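Everything numeric in this text was worked out from a predicted model, so none of it was measured.
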Amino acid sequence: MKLAFTFCLLPILACIFPEAEATMGDDRNIVIAHRGAWKADGLPQNSIASLKRAIELGCYGSEFDVHLTADDVLVLCHDKDHQGVDIATATYAELLAIKLPNGESIPTAEACLREGMKQNETKLVFELKPSALGKARSVEAADLTVDLVKRLGAQAQVEYILFDYDAAKRIIELDPEAKVSYLNGEVPPAQAHADGFYGLDYHMNVFRKHPEWVEEAKNLGLVLNVWTVNSEDDMREFIDMGMDVITTDEPERLQRLLREQ
């Protein structure tokens, strides 16, 4: 009786609280908006606007890419250059002169975290990019990243993803409770688990090549994420495969598919 009553309430709750509709159709909120939720509304990737939209959608997480400037400022940008200006050798002031298409200045990681911390439902998926200046600078960026997250008290909301294995292990060393996942795809679950990782965040083709890693990772307690999943066929494939979360440029589409399951 109680279960039936709960299901009867769902349509009513969806009307009263439309923002909750994104997660009602499936009991797992597995959607991570890749570089924020930008595509449907034509927002800049890695912007405060795309972060806000991901939060409005009720995504499990909003991913953003972070590089370190020459004067030690962590800024959001996917590529190593910001509209032609090399981030690793530029100062933050130099980057500020170049606006995003919506008029935003290049966001700092601190500004992004502060905006995300205004709520506590959507996780802030912090991808720290490898430095073009080499391994030592990548590890230094990891130090500054952990310092920033701790200073803001954002540990509970931040999940880290990295391509640089050494920088990722540095974050784990500095904060053993940090949720750190590896991106590159060559490390098997047993090694990642032994090195203290929270999860594996691999490209679709890695899991297709190594389907046995899914069960192995789950048995070890590792969280599985797959990127970047945009077609409905691929979404269905990795939902069926049992991914814990799915990173997509199409969060609205994945949410809709989950509601239809």
Side-chain angles (χ1 to χ4, degrees), residues 32 34-35 45-46 61 63-95 106-113 124-152 154-155 158-203 205-207 209-210 213 217 220 222-228 247:
I32 293 180
H34 186 228
R35 309 175 196 170
Q45 300 176 8
N46 284 307
E63 183 265 353
F64 52 96
D65 304 297
V66 180
H67 290 269
L68 184 62
T69 68
D71 53 345
D72 294 343
V73 179
L74 293 159
V75 296
L76 271 60
C77 189
H78 177 264
D79 298 332
K80 65 180 181 179
D81 65 277
H82 177 49
Q83 298 185 42
V85 177
D86 181 64
I87 296 173
T89 57
T91 66
Y92 176 55
E94 289 171 326
L95 297 174
I106 185 170
T108 64
E110 179 169 349
C112 181
L113 293 175
L124 308 174
V125 184
F126 193 124
E127 180 177 343
L128 182 60
K129 291 290 191 178
S131 174
L133 300 181
K135 180 74 68 177
R137 189 62 170 161
S138 295
V139 173
E140 187 176 0
D143 291 352
L144 293 169
T145 293
V146 174
D147 286 347
L148 172 63
V149 172
K150 287 184 175 181
R151 174 166 59 82
L152 296 181
Q155 296 96 314
V158 170
E159 298 183 6
Y160 301 97
I161 56 176
L162 298 91
F163 280 100
D164 188 302
Y165 203 74
D166 293 323
K169 289 198 296 182
R170 178 62 173 166
I171 291 176
I172 295 169
E173 177 186 347
L174 294 170
D175 183 2
E177 299 301 315
K179 295 179 177 180
V180 184
S181 296
Y182 184 55
L183 288 164
N184 212 40
E186 83 284 5
V187 173
Q191 180 181 342
H193 179 262
D195 285 336
F197 280 80
Y198 170 73
L200 299 177
D201 188 349
Y202 287 167
H203 187 269
N205 291 337
V206 174
F207 288 118
K209 182 179 179 180
H210 295 286
W213 282 4
L220 291 168
L222 292 171
V223 170
L224 293 177
N225 187 6
V226 57
W227 54 272
T228 301
T247 295

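A distance of 7.5 Å separates CG in Leu74 from OG1 in Thr69, rounded to the nearest 0.5 Å. Note: Thr247 OG1 to Leu183 CG = 8.5 Å, rounded to the nearest 0.5 Å. Rounded to the nearest 0.5 Å, atoms OG1 (Thr228) and NE2 (His34) are 4.0 Å apart. Of the inter-residue distances, the one linking Leu76 atom CG with Thr108 atom OG1 reads 7.5 Å to the nearest 0.5 angstrom. For the atom pair Ile106 CD1 and Ile87 CD1, the distance stands at 5.0 Å (nearest 0.5 Å). Between the NZ atom in Lys129 and the CG atom in Asp164 there is a gap of 12.0 Å [rounded to 0.5 Å].
Smallest separation of non-hydrogen atoms from Pro189 and Leu222: O-CD1, 3.5 Å. Nearest approach of Val158 to Phe126, heavy atoms of both residues: CG1-CB, 4.0 Å. Scanning both residues, Gly185 and Val206, for their nearest heavy atoms gives O-CG1, 3.6 Å. Residues Ala178 and Ile171 come closest through the heavy atom pair CB-CG2, 4.1 Å. Considering all non-hydrogen atoms of both residues, Tyr182 and Leu162 come closest at CD1-O, 3.4 Å.
Listed by first then second residue, pairs satisfying salt bridge (Lys or Arg N to Asp or Glu O under 4.0 Å) with a partner in residues 66-94 read Asp72-Arg137, not counting sequence neighbours.
Looking at Trp227, its side chain does come within 3.5 Å of a backbone N or O of Asp201 through a donor-acceptor pair. Side-chain atoms of His67 come within 3.5 Å of backbone N or O of His78 as a donor-acceptor pair. At least one donor-acceptor pair closer than 3.5 Å links the side chain of Tyr202 to the backbone N or O of Val187. Under a 3.5 Å cut-off, the side chain of Glu63 and the backbone N or O of Arg35 do form a donor-acceptor pair. A donor-acceptor pair under 3.5 Å links the side-chain atoms of Ser138 to the main chain of Ser131, judged by distance alone. Asn46 places a side-chain N or O within donor-acceptor distance of the main-chain N or O of Asp65, the cut-off being under 3.5 Å.
A salt bridge links Lys135 with Asp166; the closest basic N to acidic carboxylate O contact falls under 4.0 Å.
Enclosure of atom CD in Glu186 by more than 12 non-hydrogen atoms of other residues, nucleotides or ligands within 6.0 angstrom is indicated.
Contact annotation: the side chain of Lys169 approaches that of Phe197 to within less than 4.5 Å [non-hydrogen atoms, C-beta and beyond]. Within the 4.5 Å cutoff, the side chain of Ser181 has no heavy atoms near those of the Asn225 side chain. Residues Tyr160 and Leu128 fail the side-chain proximity criterion, which asks for heavy atoms closer than 4.5 Å. In this structure, the side chains of Val223 and Glu159 stay at 4.5 Å or more apart for every pair of heavy atoms.
Residues that satisfy the salt bridge (charged side-chain N to carboxylate O under 4.0 Å, His left out) test with Lys179, not counting sequence neighbours, are absent from this structure.
Between the side chains of Tyr165 and Asp195, at least one donor N or O lies within less than 3.5 Å of an accepting N or O.
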